[in-house]
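A short write-up of the structure that comes next.
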Amino acid sequence: MRIAGTAVLVAGTMLTGGALTTSAQAATLATPSIAAKGGFVMNNGTGKTLYTKGADTRRSTGSTTKIMTAKVVLSQKNLNLDSKVTIQKAYSDYIVKNNASSARLIVGDKVTVRQLLYGLMLPSGCDAAYALADKFGTGSTRAARVKSFIGKMNKTAKDMGLKNTHFDSFDGIGKGSNYSTPRDLTKIASSAMKSSTFRSIVKTKSTKQKVTTKSGGYRYMSWSNTNTLLGTYKGAIGVKTGSGPEAGYCLVFAATRNGKTVIGTVLKSTSANARASDAKKLMDYAFKK
């Protein structure tokens, strides 16, 4: 009987010790310090908030705006991803005028909607964004179609209940009222990730796409993803970089480990390396929560 009692006591001690160890680990899980002015992370499955820093402060978003551009395109009724769009001179002129990031689309080429989405999300092509806005907006002039498309972006944000998000551009090159927050952008990305097409695109490190030339021949377009987390962070599955004079360095990120997906945003970090480091810190923290 005494032996049995000792065994129980030992078992009890072990249980208590395990509980103490677990509590100690939880207590020492320090909240990470990031260079970015704003940050937010949540569990993508449950929607539970795991980290906040200025999460509801409105900031310029740079090219992370293009997540909404893609979401609006992919939500169109009867969308044909293989329909072709002829590249207009206006798109390349826009790139030159704004010194904008480019998918290097060539005037006269016929590029599918799916290919434009790759050009939008991997090299962050503002020419691809313009082509998509022109294609999926409504109106008799290009200006009217672009305005209509940006209206769809804002309606989508409103329908999602995002009170701190507004777009005045299709690509993030705003005119003073293109803004969102880490929390809102994360929600937009989480919603966009419900699309299998979107998920496939944003986890792609590089792609080579065959497009039709003006003369009826073909050429290959090669695009690499600006998101350095792909291939450098275990489980990374997206989502989108952004930068600009006002926006600083931004990154919307997501990763899956052991069946758990975390998704988040950092806005106005100090460099491309810092935004990646910020994201890695926040995901490491979120996976332990």
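No hydrogens, no waters, no symmetry mates; every other heavy atom, side chains included, goes into these values. Nothing fancy with the numbering, it's 1 onward along the sequence. This one's a predicted model, so the numbers in the text were calculated from it and none came from an experiment.
In this model, no donor atom of one side chain and acceptor atom of the other lie less than 3.5 Å apart for Lys84 and Gln115. Using modelled atom types and a 3.5 Å distance limit, the side chains of Asn225 and Thr204 yield no donor-acceptor pair. For the 3.5 Å distance criterion, the side chains of Asp56 and Thr181 fail to qualify, holding no donor opposite an acceptor. Lys66 and Ser124 are linked by a side-chain donor-acceptor pair at a separation below 3.5 angstrom, with hydrogens and angles left out of the test. A donor and an acceptor atom, one from each side chain of Ser191 and Lys71, are located under 3.5 Å apart. A donor-acceptor contact closer than 3.5 angstrom links the side chains of Asn178 and Ser169. Residues Ser180 and Thr61 have side chains that never bring a donor and an acceptor to within less than 3.5 angstrom of each other. A donor-acceptor contact closer than 3.5 angstrom links the side chains of Thr138 and Ser148. In summary, the side chains of Thr228 and Thr232 do not present any donor paired with an acceptor at a separation below 3.5 Å, with no hydrogens or angles considered.
Residues passing the side-chain contact (heavy atoms from CB on, under 4.5 Å) test with Lys89 are Ser92, Asp93, Val107, sequence neighbours excluded. Not counting sequence neighbours, Arg104 has no partner by the salt bridge (charged side-chain N to carboxylate O under 4.0 Å, His left out) test. In this view, Tyr94 and Tyr130, Phe170 satisfy the ring-ring contact (aromatic ring centres under 6.0 Å, His included) rule, not counting sequence neighbours.
Atom NZ of Lys214 and atom OG1 of Thr86 lie 10.0 Å apart (nearest 0.5 Å). In this structure, CZ on Arg142 lies 5.0 Å from CG on Asp134, to the nearest 0.5 angstrom. Going from atom CG of Asp109 over to atom CZ of Arg219 covers 4.0 Å, rounded to the nearest 0.5 Å. Atom NZ of residue Lys205 and atom OG1 of residue Thr226 lie 13.5 Å apart, to the nearest 0.5 angstrom.
Under the 4.5 Å side-chain criterion, counting only non-hydrogen atoms from C-beta, Val266 is not in contact with Lys37. Residues Lys152 and Lys155 have side chains not in contact (no heavy-atom distance under 4.5 Å, counting atoms from C-beta outward).
Residues Glu246 and Lys268 approach most closely at O-NZ, 2.9 Å, considering heavy atoms. Shown here for Arg59 and Gly38, the closest heavy-atom pair between the two residues is NE-N, 4.3 Å.
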Output side-chain donor-acceptor pairs under 3.5 Å for residues 248-259, partner residues at least two apart or in another chain, one line each.
unit_1, atom_1, unit_2, atom_2, d
Thr256, OG1, Thr261, OG1, 2.6
Arg257, NE, Lys234, O, 2.9
Arg257, NH2, Lys234, O, 3.3

Sequence neighbours excluded and cut-off under 3.5 Å, please list the side-chain donor-acceptor pairs for residues 282-289, or say none.
unit_1, atom_1, unit_2, atom_2, d
Asp284, OD1, Tyr233, OH, 2.8
Tyr285, OH, Lys289, NZ, 3.4

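Under 4.0 Å is where a charged nitrogen must lie from a carboxylate oxygen, and between Arg114 and Asp82 at least one such pair does. Salt-bridge annotation for Asp168 and Lys175: absent, with no side-chain N of the basic residue lying under 4.0 Å from a carboxylate O of the acidic one.
When each of Asp278, Asp184, Thr186 is tested with Thr265 by the rule side chain to side chain donor-acceptor pair (under 3.5 Å), just one qualifies, namely Thr186.
Linking Ile, Leu, Val, Met, Phe, Trp and Tyr whenever their side-chain heavy atoms come within less than 4.5 Å leaves Leu267 and Leu50 in two separate clusters.
When hydrophobic residues (I, L, V, M, F, W, Y) are linked wherever their side-chain heavy atoms come within less than 4.5 Å, Ile106 remains an isolated member.
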- Check against side-chain contact (heavy atoms from CB on, under 4.5 Å), Met121 and Phe198: CA-CA 9 Å; Met121 299 304 287; Phe198 185 87; 3.8 Å; yes
